[in-house]
Amino acid sequence: MSEAYVRETTLVTDDSDYFERVLDGTVGLSLVSFVVGIAALADVIALGATGSELGRPLLTLAVAAVGGVGVVAICDRLGLVSITSQRATNAATGVVVSLLALTALAFAAEMTLARLFGITLLVQAVAVVSAGAASRFDVADTTPDPSAGLLAGLAFGAIGLIFGAAIGGSLVGFDSTLLAGVPTWVVVTLASGVGMTVVTVLPREDIGSTLPAALIVGALGVTVTTAAVGVGWQWNPETIDGGFTGGVVVPLFVLFGSMVAGWAASKARAGFGARGRQLGAFYVVNVNAALIVTVMITIVVFVAVKGIGYAFHGFAIGALSGLVVLAPLFVLALQWARGPAGTARWNSTVRQLVRVTPLAAVGALAAVLLGVLATGRTLDYPFTYTVQVNREPVVLDTSLAITPALEIGNLLLIISGGFLAVYFLRKYGTLRNVGNKSDRLVTVRRLVPRAIGGLLLAGVIIAILGRSPAGIPLSETVGSGLVLAGALAAVAFTVSPLAAVGFGDGTRRERAEQAARVVSVSLFSALGLLTTAVLLESLSGANPSLGPVNIVPVLALVATAAAGCFALICALTLRKTDDANLRRILRNEGTLGLAAASGFVALFGLHIALTQAAYIAGPVRIGLTGSLSWPMALEAYKPLGPQPGGIWPAVVGTIWLVTGASAFAVPLGVGAAIFLTEYAEQGRATALVEIATNALWSTPSVVFGLFGAAFILPRLGGDESLLAGMLVLGFMLLPLVLITSREAIKSVPDEYRDASAALGVSRWETIRSVVLPAAMPGVVTGVILGVGRIAGETAPLILVLGSTLNSTRAIDVIGGFRFLNQPPFIINDALTQASAALPTQVWAVISAGVSGSPSMGWASAFLLLTVVLGFYAVGIVTRTYFRRKLNYE
Amino acid sequence: MLSYIASRAQVILVGEDASAGSLSVVSAAALSLAATILVFLFLPSLALPVLGVFVIVTAIGWATHQSEMARLLTLIATVLTVLTVAFITYFLFASAFPAFREHSAGLLAVPLDSNGNVRWFFFLEAVLPVGETQAVWNPSGGVYSLLPAIWATVIVTVIAGAVAGPLGLMGALYIAEIASDRVREIIKPAVEILAGIPSIVYGFIGFQVLNSFVQDAFLDQQASFLIAGLVVGVMALPTVVSVAEDAISSVPSSMSDGSVAMGATEWQTMKSISIPAAFSGISAGVILGLGRAIGETMAVAAIMAAGTGLSDPLFDVFDQSVTLTSRIATSYGDASESTVEVLFVAGVMLFVIVAGMSVIAQYIERRMKRKLKGNA
């Protein structure tokens, strides 16, 4: 007891004694040999390397370690960070010292990496065994147990058996026999195993856990140092197919040896006993965790490095399009920069730096893009990539480029504008119960929805009657008139808040407050009316124009400008206002103005998409095709072109597969989850369904493929088809959606349901307006993660979708619908065709053997990995976001 | 009796507190959906119009009796989910049945060796039939033995388990007990992402890189069980980690707190309290991981698709052979009808084994949860 107290006081002192320093250094050395061992296993550093060939990579590592440790040490001295753990300090010193020593040895003595490894192992063995001896003869202050324990004994015994077999087999041979016909190697094996166990279990713990470890590490070290197992070593037994080479065995010896030595050293460092066992075990567990993360990062980085060159060949984007892409990023960066930056002084500086960095990056990019536009010169970064042409590798030059093109694609406008509109609408709070009421406003609120409904109805009627029934050009005249009326009304509605706030009696602040109702009603009406007008264009085929100029896009631009001006006025007024309530109103009005402006931009893009007519204003051209060029992802394979094109059909195929599968599985899964959790009695039946769905979830994917081939294919015409792929992936997605939705719905507290029921709300209303909204985050996360999994699924698709290499045509699902006047009335040829998909594209490269292009395969794998991990990242971020929100609010 | 059935049916369809008049519209919707399923099964070309009828009826019902209709729709979703499971089971077995009847035990025939003797296979040749040739898979000759594929699956799964089991347990311990909150928030999603890497990507890496590595490092002219097993082990790792981590985390903190209060170190608490208490959950994780390893297709198919025979000697991890899954994936495309039936037998085996493992794992997990709650 008294000893334990003494230990307690020494633990809290800052200094560590010599014993502990040496052992921490040994841990550092074993870490170094572990890392270098992995590098040797992966053949990053050759085992046979000598002299500067070996010294240079080691020097690089040493410099990196010195830099890393040095920065931390300097920061520690300056008081920026505080390193209190003596153990970390010592181990870091050990890492630096051992790396420097290894480098020096490599340069000074002409020896191979393998021999260097052997010496390292021997040093570790000596350190470990002397630690045990120091403890045993009470040189060091430790608290060992009477024995190292049976578990350690058995583990070392097992290792001893293997060593005995190896040593006996290689030294004595497998043929010689001892008395009574027992083979010698069996005797050696058993003796080694039993001896190891005895040495571990019988002595006091300090000897029992260091001596066997040192024996093992030392034996490995001797084997490697003497080159008994060295660089050119081979063992190729005749009975089996393969064999072993020094190139893989030596690194494995080193990995194993340094793991054992690190464990023993950690254990000794903490003075054996319970604390020592903890440190030893934690060492192994920590190294293992680091290894897992390293493997993951290596896989992702490896695929990225291999595939990224080919994936981005010929990538180019126009500067103007780049600016449009930057707009949403700018808003997001702004939002991030507005966040609070902490309080403590130097902390807040760093945080503020972190907060404004994205904003600065967006600004820098925008400046570069504007520079490209202003100078009219292309900014490019050239690189080369390899393709396979007639089974010969051909190196092609290409570049990443930002061109001064002034073209913008409609899709870009729709996405950017739509994103911003949604973003601002979410930021917009409410303007209800603010401002003056008037009868006229009430009338408008009543009339606008009717007008929208009327316009849509007219559109449907025109669409049904055809473009010109009985020779009357209905769509041209009536359609254009209605479209024009709708768009003009929208512009009028957008201008009216501008007028109401900008001009009139009183100060601008008063007007802004009084006009709040006008603002919300008119801006929402304007958005609704313009959307209707654009839809009406598509239904009636009308595109009113004045001479060569189309009117609707012009009106949309006018509306955008008006809404933007309105937002600007609000912002300017906001600067001069102190009244909190008024500020809130102004902020809401401004946000709504911005939402309307970005909504109009999106509608502008939609107009172009629906009417197929480009809009040209001076040098700027907004059309159906933009200036983004990305051959790998957005072009099909070109059989005889100078550049091989890409995998657009596979991208389209995967998009449709995921869409179809989700459309099938999400409603079913969520519906079933609702029934099982909210309606059904919890009992045997629900438990059975749960077990069945869980079993379905772990069913091998190829079995789903077989099911699809047996059940779905014969019912869809017998050929491999996109629809079958959608259904099979849907079947796979179904259990995951069901499981996660059930969990999400279950985790909604019963108080919610009780409170709702106490208010007299019916069960369905409760589910719809209380349970489902609360469970939505969980459901959404589950769906995203599930979609990520099925997006990369290959095996079932091989059976039901087919796998094609170098597909030249993307499947056109939307254009594939056709109506018939006989059952089944509607058919879609595209859905019943085979299609390419990203995962089957990779498989096609593999199964094509030598004629497949590996670089294309890497690029496809890279794109697939990006898509799948993108889904996972979004899912995980969503989950973390909602979890934080639930925990803190 | 009849009226009892009718009233039960009514309760199932519309619940207990249905409003008047809802029964007719709900049953109309249910009937039209049943008709859709039947038509899809037997006259698939007419399924779409009948589905249209269901949609129209449902829309009418939604407008008039929303809450009953919503209940019916969720009920339908449940029934369809259960039907999916039933259909998968039925169609797998039905498609495999002809092969069962034709070849029966011949599907497990032990091949001959080059001397014409029966290959040693754990003395199972006493039970299993003996093939007539050295060949085990020769569709044109009518020889279909799945034995090598089963053996290959076993070897790959054992290697994968040897990788994923210990590493997975240690990873789970790290995440559940050792890592700080901040590290856990990073490393847990990282493991999840590891689970998300598509198997074809692993397969492509194995096909492009690891196979040549094997040829250099293991003097092996071909792909090998070893590499396939290692890759599948890495793929099964996340499953083991996450299930085992759940199990360890679900050990009530009162238990470990008690241990710490007695003066035990963290490691003693883990070793003597957390792991024993969560042992069944951890083993469930390992079982699920092994299930994933058995069912893994693309990585195995990409790494070793060329092998055909039973490995020689049996435990030669440097040999190669197709597994059950890769047999299906690689042979299905150009298979004749009778071959396809044999492939369905392989599918049935996989389905039964993996589903069985999943059910066992769930049983173990449930029992553990009950036990930890203290009402075992």
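Proteins get letters first, then strands, A, B, ... in listed order; numbering begins at 1 in each.
Using a 4.5 Å cut-off between heavy atoms, B:K271 touches chain A through its side chain atoms alone. Using a 4.5 Å cut-off between heavy atoms, B:S95 touches chain A through its side chain atoms alone. B:F40 touches chain A through backbone and side chain together, each having a heavy atom under 4.5 Å away. For a residue to count as touching a neighbouring chain, one of its non-hydrogen atoms must lie under 4.5 Å from one of that chain's; by this rule B:E185 touches chain A with the side chain only. Contact annotation for B:I88: both backbone and side-chain heavy atoms come within less than 4.5 Å of a heavy atom of chain A. Proximity to chain A (any heavy atom under 4.5 Å) is restricted, for B:I187, to the side chain, taken from C-beta onward. When heavy atoms are compared at a cutoff of 4.5 Å, B:V234 approaches chain A solely by way of its side chain, counted from C-beta outward. In this structure, the portion of B:V209 lying under 4.5 Å from any heavy atom of chain A is its side chain and not its backbone. Using a 4.5 Å cut-off between heavy atoms, B:F87 contacts chain A through both its backbone and its side chain. For B:Q362, the part sitting under 4.5 Å from any heavy atom of chain A is the side chain, from C-beta outward, and nothing else. Neither the backbone nor the side chain of B:M357 comes within contact range of chain A; no heavy atoms are under 4.5 Å apart. Looking at B:L80, the atoms closer than 4.5 Å to chain A (heavy atoms on both sides) all sit in the side chain, from C-beta outward. Proximity to chain B (any heavy atom under 4.5 Å) is restricted, for A:L738, to the side chain, taken from C-beta onward. For B:Y363, no part lies under 4.5 angstrom from a heavy atom of chain A. Heavy atoms of B:I193 lying under 4.5 Å from chain A belong to its backbone as well as its side chain.
The side-chain hydrogen bond (donor to acceptor under 3.5 Å, both in side chains) contacts involving residues 697-708 of chain A comprise A:S698-B:S358, A:S701-A:E793, where partners must be two or more places apart or lie in separate chains.
A donor-acceptor pair under 3.5 Å is formed between the side chain of A:R715 and the backbone N or O of B:L41.
For B:F344 and A:F707, the ring centers sit 6.0 Å or farther from each other.
Counting all heavy atoms, side chain and backbone alike, B:T81 lies closest to A:A672 at OG1-CB, 3.8 Å. Closest approach of A:L41 to B:F213, counting heavy atoms only: O-CE1, 3.5 Å. Minimum interatomic distance between A:Y872 and B:G196 (heavy atoms only, all atoms of both residues): CZ-CA, 3.4 Å.
Listed options A:P714, A:A680, A:G671, A:G708 were ranked by heavy-atom pairs under 4.5 angstrom with chain B; first place goes to A:G671. Contact tally against chain B (heavy-atom pairs below 4.5 Å) for A:A710, A:S860, A:A42, A:G788: the top residue is A:A710. Between chain B and the residues A:L734, A:I674, A:L696, the most heavy-atom pairs under 4.5 angstrom are made by A:L734. For the set A:L799, A:V295, A:T840, the entry with the most heavy-atom pairs within less than 4.5 Å of chain B is A:L799. Of the listed residues (A:K306, A:R789, A:E720, A:Q234), the greatest number of heavy-atom pairs within a distance under 4.5 Å of chain B belongs to A:Q234. Interface summary for chain A: among B:V340, B:D319, B:V85, the most heavy-atom pairs under 4.5 angstrom belong to B:D319. Top candidate by heavy-atom pairs under 4.5 Å with chain B, chosen from A:N288, A:V285, A:L668, is A:N288. For the options B:Q268, B:R366, B:E192, heavy-atom pairs under 4.5 Å to chain A are most numerous at B:E192.
Ion pairing between B:E68 and A:R763 fails under the 4.0 Å rule for side-chain N and carboxylate O. The pair A:E678-B:R71 does not meet the salt-bridge criterion, since no charged nitrogen lies less than 4.0 angstrom from a carboxylate oxygen.
For A:L151, the CG atom counts as loosely surrounded, since its 6.0 Å shell holds 12 or fewer non-hydrogen atoms of other residues, nucleotides or ligands.
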For this session: Go through the steps to decide whether A:F282 and B:M270 satisfy the test side chain to side chain contact (heavy atoms under 4.5 Å, CB included), and finish with yes or no.
Result: CA-CA 11 Å; A:F282 277 20; B:M270 274 179 231; 3.4 Å; yes
For this session: Decide side chain to side chain contact (heavy atoms under 4.5 Å, CB included) for B:Y332 and A:L706; before the verdict, give the C-alpha distance in whole Å, the side-chain angles of both, and the deciding distance to 0.1 Å.
Result: CA-CA 9 Å; B:Y332 195 90; A:L706 279 179; 3.8 Å; yes
For this session: Take B:M298 and A:V702, measure what side chain to side chain contact (heavy atoms under 4.5 Å, CB included) needs, and give me the verdict at the end.
Result: CA-CA 9 Å; B:M298 292 327 293; A:V702 73; over 6 Å; no
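Looking at heavy atoms from C-beta onward, A:Y679 lies out of side-chain contact with B:T78 at the 4.5 angstrom threshold.
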